[in-house]
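Note on naming: letters A, B, ... go to the chains in the order of the sequence lines (proteins, then strands), and numbering restarts at 1 for each one. Since we're looking at a predicted model, the values are computed, not measured.
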Amino acid sequence: MSKALRSVKGTRDLLPPQTAVWNAVEEIARRVFTSYGYGEIRTPVLESTDLFVRGVGESTDIVGKEMYTFADRKGRSLSLRPEATAAIGRAFVEHNLQELPLPVRLYCIGPFFRYERPQKGRYRQFFQIDAELLGDPGPHSDVEVILMLLRFLRELGLERLVVLINTVGDEASRLAYRAALVSYLEPYKDQLGEDSRRRLESNPLRILDSKAPAERQLLEGAPNLHDHLSPESREHFEQVLALLERFEVELEVAPQLVRGLDYYTRTVFEIVSQGLGSQDAIVGAGRYDRLIGDLGGPPTEAIGFAIGQDRLIDVLPESFRAAATASSPAMLIPIGDQAQVEGLALAERLRQAGIVVIAELSGRSVRSALKQANRRGARHAILLGEDEIARGEVTFRDLESGEQLALSTDDLVQRLKEST
RNA sequence: GUGAGUGUAGCUCAAUGGUAGAGCACCUGACUGUGGCUCAGGUGGUUGGGGGUUCGAAUCCCCUCACUCACCCCA
């Protein structure tokens, strides 16, 4: 067992019937997002490392210690994408998408990679469902994005979700607040943990969502970011809150919510869910008004969210799971050598008529074939032996009632179509 | 990167130093062409790997690997 080949640490195989749940979630995402005018974008899994250093931020943990980074055969530094937004920003700039009618609405579903110790709800390869609205400063776009997100989650059967929301202000607000926070914390420097002391230089705002009890207490008396907001940022945030209230979105303003990516400006929000253990954020999101410009594009305000698909699927109601995995194929059981080929031909004909048919291929006994049909959850069995072939019929068995009758193949098609 | 817990049959787990077991699953039969329920039988194990202590180790000790959870961080 120790020598056996296994999937790489932090990655996993998704197998049927679980994959049916994944597909169902993705189908709903596509349908809902499409109804808001979103189109799908697929960007490469591999990007140049520089994109994330510039886009996500050098001081972030993601870039600093969690990226899969390596040199290709010509020595170029490449990274597996750790998140979606920077790459979508790159594509936006590369393809001059600002020429399209703005805002541009894009969604993306796929795998992302971070080198972290795996635990519940955290994998080295994980999947995100991501949507970005580029080219509108808000606040109405902030609201539309949140409404779309909630519509999607509700369609999955998730109710009573609380949106944690905050603003991190614009550039000017952040600079002013940053200075105030640093001068407040500076005297208490030796009471801070190692990480926070480092962040005092690199990214002081991140200290705000520290969970260390001693630091939490210290932060009670810290200056409030909301007191340093520019009038424009304050106005923006208040409008977002007012609009969301109008749409009866359950909100919780969370002043300590800062998020770990450098590109966020103004509105940031999260959705957390119970039953996930300590990795409980299923959605992380925010506005990033400077990213496109920083990546060399025209100044373009944007907002987007990332849903952790792995975690989302963990909290799906059982009813959704059951509906997604429900299947009741017909089982075709040939009896005897002669019937094998006839059976394959009949199965082909049924499938052409849109019926899901599993053919018994191994020539096992009728007994064990029926047993298997039962285990597979088949609703009907079709028995085809020499007798039936001679009469041009099949024996049709309802596996729920045990009822059994002889049918012509035409009647069989009819009967199976009716029952689906 | 740090800490804790767990590794025994395909799966879920027993066996606290003395013959490696049960349930489920799988195969066969009762039932020569009829599932679910039942009954009988059967296949399946270097107890994660390596070393040590001991007359004797799944069990105690050391090393190692893997998995899980938590910290951190985030989706």
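- Evaluation of the side chain to side chain contact (heavy atoms under 4.5 Å, CB included) rule for Glu403(A) yields Asp398(A), Ser401(A) as partners, not counting sequence neighbours.
- Among residue pairs with one or both ends in residues 106-118 of chain A, those qualifying as salt bridge (charged side-chain N to carboxylate O under 4.0 Å, His left out) are Glu116(A)-Arg122(A); sequence neighbours excluded.
- Residue whose closest nucleotide on RNA chain B sits further toward the 5' end, between Arg114(A) and Gly402(A): Gly402(A).
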Atom pairs and distances, side-chain donor-acceptor, residues 337-346 of chain A, under 3.5 Å, sequence neighbours left out:
none

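- Applying the side-chain hydrogen bond (donor to acceptor under 3.5 Å, both in side chains) test to pairs two or more places apart or on separate chains, those with a residue in residues 52-62 of chain A are Ser59(A)-Asp262(A).
- The salt bridge (charged side-chain N to carboxylate O under 4.0 Å, His left out) contacts involving residues 387-397 of chain A comprise Arg391(A)-Glu393(A), where partners must be two or more places apart or lie in separate chains.
- The salt bridge (charged side-chain N to carboxylate O under 4.0 Å, His left out) contacts involving residues 349-358 of chain A comprise Glu348(A)-Arg351(A), Arg349(A)-Asp410(A), where partners must be two or more places apart or lie in separate chains.
- Contacts of Glu400(A) with the nucleic acid, taken as non-hydrogen atoms under 4.0 Å apart, include base atoms.
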Every protein N/O within reach of nucleotides 29-32 of chain B N/O, cut-off under 3.5 Å:
from   : atom 1 : to        : atom 2 : distance (Å)
C31(B) : O2     : Arg367(A) : NH1    : 2.6

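- Non-hydrogen atoms lying under 4.0 Å from RNA chain B are contributed by nothing in residues 25-47 of chain A.
- Annotated stems with RNA chain B as a participant read B:1-7 with B:65-71, B:10-13 with B:21-24, B:26-30 with B:38-42, B:48-52 with B:60-64, given as range with range, by first number; only runs of 3 or more Watson-Crick or G-U pairs under 3.5 Å qualify.
- Residues of residues 48-65 of chain A that place a heavy atom closer than 4.0 Å to RNA chain B, in numerical order, are Asp61(A).
- For Arg12(A), the side chain to side chain contact (heavy atoms under 4.5 Å, CB included) partners are Leu14(A), Trp22(A), Tyr123(A), Asp310(A), not counting sequence neighbours.
- Every residue meeting the side chain to side chain contact (heavy atoms under 4.5 Å, CB included) condition with Pro44(A), not counting sequence neighbours, appears here in chain and number order: Glu47(A), Arg90(A).
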